[in-house]
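Computed from heavy atoms alone, side chains included, the values below leave out hydrogens, waters and symmetry copies. Since the model is a prediction, treat every value here as computed from it, not as a measurement. One is the number of the first residue; the rest follow in order along the sequence.
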Amino acid sequence: MFDDFKNAGRDTLSAAKNLQTQLVKLNQSVIKLNQAMDGVSEFTRAAQHAIDLWQFKNEPRLIKIQKLLSKYQS
């Protein structure tokens with residue numbers, strides 16, 4: 001009977017170690033996912049900045065085009 005308790009304790013300890021290993025792997029995956037999301041956010045900000053700069057640089061031309069369009073649409 002003592003062997004049964006001993007084996008059950010060993011099995012429980014083994015399961016706990018396996019669970020701990022899986023939790024560590026999950027945590028590492030979450031860290032990598034967060035880093036990837038940070039990268040996406042940085043790229044999105046850079047892309048928006050590039051669009052804003054392009055619009056600012058080309059605003060006079062865009063206004064002229066809009067005026068021409070409105071002239072022909074009238």
Side-chain angles (χ1 to χ4, degrees):
M1 185 165 191
F2 178 73
D3 287 341
D4 291 340
F5 285 118
K6 189 169 136 185
N7 290 338
R10 191 175 303 141
D11 291 345
T12 302
L13 182 60
S14 177
K17 286 181 181 178
N18 287 337
L19 178 59
Q20 182 182 18
T21 300
Q22 294 301 317
L23 288 172
V24 167
K25 288 180 182 179
L26 177 61
N27 188 47
Q28 291 169 346
S29 295
V30 168
I31 289 169
K32 288 179 183 177
L33 178 60
N34 283 337
Q35 290 170 342
M37 290 172 65
D38 289 344
V40 168
S41 293
E42 274 186 51
F43 176 79
T44 302
R45 279 192 298 274
Q48 185 61 53
H49 184 65
I51 290 168
D52 292 344
L53 286 175
W54 183 89
Q55 287 176 335
F56 179 75
K57 180 181 173 188
N58 293 293
E59 188 173 14
R61 269 188 268 175
L62 293 173
I63 291 171
K64 287 178 188 174
I65 291 169
Q66 288 172 345
K67 284 181 182 178
L68 283 172
L69 285 173
S70 65
K71 184 189 245 186
Y72 288 110
Q73 289 173 349
S74 299

Item to check | side-chain hydrogen bond (donor to acceptor under 3.5 Å, both in side chains) partners for Asp52, two or more places apart | outcome: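 Testing Asp52 for side-chain hydrogen bond (donor to acceptor under 3.5 Å, both in side chains), a comparison that skips the adjacent residues, returns Gln48.
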
Hey, what do you get for [atom1] ([X]) to [atom2] ([Y]), rounding to the nearest 0.5 Å?
| X | Y | atom1 | atom2 | answer |
| --- | --- | --- | --- | --- |
| Leu62 | Lys67 | CG | NZ | 12.5 Å |
| Leu33 | Asp38 | CG | CG | 9.5 Å |
| Leu19 | Ser14 | CG | OG | 11.0 Å |
| Thr12 | Asn7 | OG1 | CG | 10.5 Å |
| Gln20 | Lys17 | CD | NZ | 9.0 Å |

Checklist entry - Do Leu23 and Asn27 come close enough that some side-chain heavy atom pair is under 4.5 Å? => result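 The answer is no; the side chains never approach within 4.5 Å.
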
